[in-house]
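To keep things clear, I will list the structure first and then write my remarks on it.
In each ligand, atom 1 is the first atom listed, and ligand 1 is the first ligand listed. This one's a predicted model, so the numbers in the text were calculated from it and none came from an experiment.
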Amino acid sequence: MAMRIDGKAISAQIREEIKEATAAFVAEKGYAPGLAVVIVGEDPASQVYVRNKALACEQVGFYSEVHRLPAQTKQEELNALVDRLNADEKIHGILVQLPLPKHLDETEVLLRIDPSKDVDAFHPYNVGKIMIGDYDFLPCTPAGVMALLERSGIDPAGKNCVVIGRSNIVGKPMAMLLLHANGTVTICHSRTKNLAEVTREADILVVAIGRADFVGADMVKPGAVVIDVGMNRREDGKLTGDVNFEEVEPIASAITPVPGGVGPMTITMLLQNTLTAAKK
Ligand code: NAP
């Protein structure tokens, strides 16, 4: 039976550390780290994420602002808000909640955020810094996976690491972080041939594709560490991952559940990035 990597507990522990570091920062500087979250439109999932981010800021002692803009907001208005936040000394981190309504250009907005306040690490400047291994911020989900591995005593050095998924926010940076940690990394995607053969070589398998229960026992080497980034809603409304947990848990050496694995780490890493930005 695999060790369950408890993302909730690890996340709570890191948030406690951030809270302590924040108290020390405020005592020294006389102001708190500040995060501004911008949300455009009424997407219900985004509303929940934004509420949780604001709440998390409050819990660790940050200053936070949520800017709720109507769905019909024009590009110039959104750009102007980002410009104001870039210049605002109270704000050290800016996050524009994605996806934006279709008529808005996400790339234009992300490029406009001052890279030193880009706590999502989506700006090409920060993406480039991650490539060369000299970074201030890491994208929150892959950073959360690395923290889970580290705090569970799992070292990727010299291991075969297979990442399924090559998105800019999860798969690609995930592969790069495992490489920086001296893993031997393979990236798989929808055009990968003989996927199961590749994944069965993995000592550490990270799955980020967005398909419920896609990875079964036949795709996993006995004793592998399995990290499930997927978040899928079943018809009954329950959250489930990309890994068939019942099948894989008995053969893996360690596994993250969904919910309660990678999910709780994402906002925690956002807090970490905001504190880093404030310290800079
Ligand atoms: P995405 O942009 O849709 O990318 C999915 C990736 O999976 C693509 O690279 C795609 O390949 C690959 N893929 C799809 N079907 C495949 C198949 N049958 N075989 C092999 N590869 C396949 O998704 P994402 O934004 O990276 O998110 C992935 C999952 O993680 C989603 O469930 C999402 O909800 C979840 N997520 C969770 C968190 C968290 O906080 N826990 C954060 C972000 C995302 P191609 O490139 O070839 O199309």
Side-chain angles (χ1 to χ4, degrees), residues 4-8 10-12 14-15 37 43-46 48-53 55-56 95-100 106-107 110 119-122 127 130 137-149 161-178 185-202 205-216 218-220 226-235 237-245 255-273:
R4 270 191 206 205
I5 299 177
D6 185 344
K8 250 172 127 173
I10 294 174
S11 171
I14 298 175
R15 285 191 199 195
V37 181
D43 178 60
S46 294
V48 172
Y49 294 141
V50 166
R51 252 200 316 278
N52 288 343
K53 285 168 188 171
L55 195 65
L95 182 149
V96 176
Q97 185 67 44
L98 301 179
L100 290 171
E106 279 182 8
T107 308
L110 296 181
V119 285
D120 254 341
F122 290 166
V127 174
I130 292 163
F137 310 121
L138 292 173
C140 299
T141 302
V145 172
M146 295 308 286
L148 286 179
L149 292 175
C161 303
V162 175
V163 179
I164 323 182
R166 56 171 164 180
S167 71
N168 288 331
I169 61 164
V170 188
K172 280 187 212 159
M174 187 71 249
M176 201 49 62
L177 298 191
L178 289 164
V185 183
T186 306
I187 308 174
C188 300
H189 45 78
S190 67
R191 308 284 287 272
T192 299
K193 294 217 165 72
N194 306 321
L195 181 64
E197 266 175 41
V198 182
T199 59
R200 277 199 302 267
E201 292 296 313
L205 178 62
V206 182
V207 192
I209 55 182
R211 283 167 158 240
D213 299 334
F214 183 84
V215 170
D218 60 322
M219 295 178 73
V220 177
V226 179
I227 306 290
D228 189 353
V229 181
M231 287 209 300
N232 312 290
R233 285 266 165 223
R234 285 191 200 277
E235 273 177 16
K238 285 214 176 104
L239 202 60
T240 184
D242 290 346
V243 175
N244 185 326
F245 190 87
I255 188 165
T256 57
V258 178
V262 176
M265 296 297 288
T266 299
I267 294 183
T268 301
M269 294 297 114
L270 173 70
L271 298 173
Q272 183 80 68
N273 282 349

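- Counting heavy atoms closer than 4.0 Å to ligand 1, residue Thr141 contributes side-chain atoms (C-beta onward) but none from N, CA, C or O.
- Of the possible donor and acceptor atoms, one in the side chain of Ser167 sits under 3.5 Å from a partner among the backbone N and O of Val170.
- Within the structure, ligand 1 has Gly263 among the residues with a heavy atom less than 4.0 angstrom away.
- Short contacts between ligand 1 and Phe214, defined as distances under 4.0 Å to a heavy atom of the residue, involve ligand atoms 17 (C), 18 (N), 19 (N).
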Item checked: Thr199 and Val215: CA distance, side-chain angles, deciding distance, side-chain contact (heavy atoms from CB on, under 4.5 Å) verdict -> CA-CA 9 Å; Thr199 59; Val215 170; over 6 Å; no
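- Considering only non-hydrogen protein atoms, atom 40 (O) of ligand 1 sits nearest to Thr266 OG1, 2.7 Å.
- Within ligand 1, the atoms closer than 4.0 Å to a non-hydrogen atom of Gly165 are 6 (C), 7 (O), 9 (O), numbered from 1 in the order shown.
- Closest of all the heavy-atom pairs between Ile5 and Pro257 is O-CD, 3.2 Å.
- Ranking the protein heavy atoms by distance from atom 35 (C) of ligand 1 puts Val229 O, 3.4 Å first.
- Between Cys140, Pro139, Ser167, Gly171, it is Ser167 that holds the heavy atom closest to atom 23 (O) of ligand 1.
- The closest donor-acceptor contact from the side chain of Asp120 to the backbone of Cys140 lies at 3.5 Å or more, if one exists at all.
- Distances from atom 10 (C) of ligand 1 to the heavy atoms of Ser190, Ala212, Gly144, Pro259 put Ser190 nearest.
- Not one N or O of Arg191 is nearer than 3.5 Å to an N or O of ligand 1, by distance alone.
- Here is the list of ligand 1 atoms found below 4.0 Å of a heavy atom in Val170: 26 (O), 43 (C), 44 (C).
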Margin query: Is there a side-chain contact (heavy atoms from CB on, under 4.5 Å) between Phe245 and Ile255? Walk through the geometry before answering.
Written below: CA-CA 8 Å; Phe245 190 87; Ile255 188 165; 3.7 Å; yes
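- Listed by number with element, the atoms of ligand 1 under 4.0 Å from a non-hydrogen atom of Ile169 are 25 (O).
- When the options Val207, Val229, Val226, Val258 are evaluated for a side chain to side chain contact (heavy atoms under 4.5 Å, CB included) with Asp242, the one that passes is Val207.
- In Ile164, the part holding a heavy atom less than 4.0 Å from any atom of ligand 1 is the side chain.
- Panel note: side chain Asn194, backbone Glu197; no donor-acceptor pair is recorded below 3.5 Å.
- Nearest to atom 12 (C) of ligand 1 by heavy-atom distance, out of Thr256, Val262, Leu239, Ile209, is Ile209.
- Look at Thr192 and you'll find every heavy atom at least 4.0 Å from all atoms of ligand 1.
- Close contacts of ligand 1 with Asn232, meaning ligand atoms under 4.0 Å from a residue heavy atom, involve 32 (O).
- Relative to atom 21 (N) of ligand 1, the option among Met231, Met174, His189 with the closest non-hydrogen atom is His189.
- A donor-acceptor pair is defined here as one N or O able to donate and one able to accept, closer than 3.5 Å; no such pair exists between the side chain of Thr256 and the backbone of Ile227.
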Next item on the list: Could you go through the side-chain contact (heavy atoms from CB on, under 4.5 Å) check for Met265 and Thr141 one step at a time?
Entry: CA-CA 7 Å; Met265 296 297 288; Thr141 302; over 6 Å; no
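- Scanning all heavy atoms of the two residues, the minimum distance from Phe214 to Met219 falls at O-SD, 3.8 Å.
- Residue contacts with ligand 1 for Arg211 involve side-chain atoms from C-beta outward but no N, CA, C or O (heavy atoms, distance under 4.0 Å).
- Taking every heavy atom of both residues into account, Val127 and Ala121 meet most closely at CG2-O, 3.9 Å.
- Residues Arg191 and Arg166 have side chains in contact (heavy-atom distance under 4.5 Å, counting atoms from C-beta outward).
- Regarding atom 31 (C) of ligand 1, its nearest protein heavy-atom neighbour is Gly210 CA, 3.6 Å.
- The protein non-hydrogen atom at the shortest distance from atom 8 (C) of ligand 1 is Arg166 N, 4.0 Å.
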